[in-house]
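Please read the structure below before turning to the comments.
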Amino acid sequence: MVIDKLNDVLIDVLQEVGNIGSGNAATALSTMINKKVDMNVPQIKVLEFKDVLDVLGDAEEPVVGIYFGLEGDLEGNIMFVLDMDSSKNLVNMLFGRMDGGELELNEMDMSALSEVGNILSASYANSLSMMTGLALKVTVPSICVDMAGAVISVPAIQFGITGDHAIFIETQFLQDENEIKGDIFLIPEVDSFEKLLRTLGVDM
């Protein structure tokens with residue numbers, strides 16, 4: 001099945017997963033910082049894994065990458081990627097800081113970014129579980145700061161073995177003038193991707 005056909009078949013269902021997941025994530029973030037947080041309707045599509053770096057842009061651009069395992073009825077990985085400006089805006093929003101120019105992420109900032117990644121990933125996993133009836137959960141996150149190419153290279157080794165498709169969800173938070181863009185990639189194992197398609201009624 002060609003990727004364009006997958007996109008045509010799945011896009012409506014995945015868009016609904018994104019809408020529900022975004023709403024849940026925005027509510028959780030609002031509770032976390034006690035301020036109103038809006039999230040735009042996410043862009044969602046199915047990619048071949050080899051195209052993930054094209055979505056992220058410059059391979060030498062530094063980014064924050066947060067990784068999770070996906071367990072339960074589907075197995076695979078979830079990756080949440082933020083550029084440095086968005087990471088800076090996000091921790092400023094979380095800690096109520098004014099924009100102080102250049103920011104070097106400290107241990108507390110990294111912990112906060114991991115928690116936000118955990119909220120987002122769990123929100124989308126729960127939405128997918130609700131839409132499909134499949135039991136899903138995410139594992140404890142691991143986080144790193146590196147060039148986009150390097151961030152992709154480590155999971156690519158594992159993803160290359162376990163799966164060749166990624167479900168891409170572009171997220172955008174808005175809190176007052178703070179804007180944060182992030183990319184979520186759900187990469188199911190090959191058997192789990194086929195199981196997901198069958199569960200969603202896709203003719204294999």
Side-chain angles (χ1 to χ4, degrees), residues 17-18 21-22 25 28-29 32 39-40 42-71 74-95 102-126 128 136-173 178-189 192-193:
V17 170
S22 295
L29 281 175
M32 191 174 178
M39 292 187 74
N40 288 344
Q43 177 189 354
I44 298 181
K45 57 185 175 182
V46 180
L47 302 171
E48 293 188 34
F49 185 76
K50 63 182 178 60
D51 296 327
V52 167
L53 188 56
D54 292 338
V55 173
L56 292 176
D58 187 349
E60 297 186 358
E61 188 72 20
V63 298
V64 175
I66 310 168
Y67 303 98
F68 305 82
L70 181 67
E71 298 179 342
L74 300 180
E75 295 187 353
N77 295 272
I78 296 177
M79 180 173 62
F80 179 44
V81 181
L82 289 160
D83 62 34
M84 296 310 294
D85 285 341
S86 290
S87 300
K88 170 186 167 183
N89 287 339
L90 182 53
V91 293
N92 284 343
M93 181 179 80
L94 293 170
F95 294 117
E102 294 295 324
L103 171 70
E104 184 173 342
L105 298 172
N106 59 35
E107 186 174 345
M108 184 178 295
D109 296 332
M110 297 290 277
S111 177
L113 290 172
S114 289
E115 181 57 26
V116 171
N118 193 38
I119 289 171
L120 279 172
S121 298
S123 295
Y124 288 116
N126 289 339
L128 189 58
L136 305 173
K137 66 177 183 179
V138 296
T139 64
V140 175
S142 56
I143 185 170
C144 69
V145 179
D146 209 330
M147 293 184 295
V151 167
I152 292 297
S153 68
V154 175
I157 296 171
Q158 182 178 3
F159 298 162
I161 296 171
T162 60
D164 55 5
H165 289 95
I167 297 171
F168 165 68
I169 305 170
E170 182 184 58
T171 61
Q172 184 178 30
F173 311 106
N178 289 317
E179 178 180 287
I180 301 107
K181 291 182 179 179
D183 298 319
I184 292 178
F185 300 93
L186 168 63
I187 306 102
E189 292 187 355
S192 290
F193 187 65

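- Across all non-hydrogen atoms, the minimal contact from C144 to V151 is SG-CG2, 4.1 Å.
- Under the side-chain contact (heavy atoms from CB on, under 4.5 Å) criterion, K137 pairs with E71, not counting sequence neighbours.
- Nearest approach of A25 to L120, heavy atoms of both residues: CB-CD2, 3.5 Å.
- Exactly one residue among D183, V81, D58 makes a side chain to side chain contact (heavy atoms under 4.5 Å, CB included) with V63. That residue is V81.
- Considering all non-hydrogen atoms of both residues, I180 and L90 come closest at CG1-N, 3.8 Å.
- A donor-acceptor pair is defined here as one N or O able to donate and one able to accept, closer than 3.5 Å; no such pair exists between the side chain of S111 and the backbone of E107.
- Note that CG of L94 is 9.5 Å distant from CD of E115, once rounded to the nearest 0.5 Å.
- Looking at L56 and E61, their side chains never come closer than 4.5 Å, going by heavy atoms from C-beta outward.
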Evaluation steps, side chain to side chain contact (heavy atoms under 4.5 Å, CB included), between M108 and V91 | CA-CA 9 Å; M108 184 178 295; V91 293; over 6 Å; no

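- Within the 4.5 Å cutoff, side-chain heavy atoms of D109 are placed close to those of F95.
- One finds the CZ atom of F193 at 6.0 Å from the CD1 atom of I167 (value rounded to the nearest 0.5 Å).
- Under a 3.5 Å cut-off, the side chain of N126 and the backbone N or O of S123 do not form any donor-acceptor pair.
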Decide side chain to side chain contact (heavy atoms under 4.5 Å, CB included) for L186 and Y124; before the verdict, give the C-alpha distance in whole Å, the side-chain angles of both, and the deciding distance to 0.1 Å.
-> CA-CA 9 Å; L186 168 63; Y124 288 116; over 6 Å; no

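- In this structure, the separation between NZ on K181 and CD on E170 is 6.5 Å, given to the nearest 0.5 Å.
- To the nearest 0.5 Å, the span separating CG on L47 from CZ on F185 amounts to 6.5 Å.
- Scanning for ring pair (Phe, Tyr, Trp, His ring centres under 6.0 Å) contacts around F80 gives an empty result, with sequence neighbours left out.
- In this structure, the side-chain contact (heavy atoms from CB on, under 4.5 Å) partners of D85, at least two apart in sequence or on a different chain, are D83.
- Rounding to the nearest 0.5 Å places CG of L136 at 5.5 Å from CG of L128.
- Atom CD1 of I187 and atom CD1 of I184 lie 10.5 Å apart (nearest 0.5 Å).
- V145 has its side chain within reach of M84: a pair of non-hydrogen atoms, C-beta onward, lies under 4.5 Å apart.
- The two residues A125 and V138 make their nearest non-hydrogen contact at CB-CG1, 4.2 Å.
- The two atoms that bring S121 and F68 nearest to each other are OG-CE1, 3.2 Å, heavy atoms only.
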Verdict with reasoning, M79 to V52, per side chain to side chain contact (heavy atoms under 4.5 Å, CB included) = CA-CA 11 Å; M79 180 173 62; V52 167; 4.2 Å; yes

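- Listed here is the closest heavy atom pair of S87 and L105: CB-CD1, 4.5 Å.
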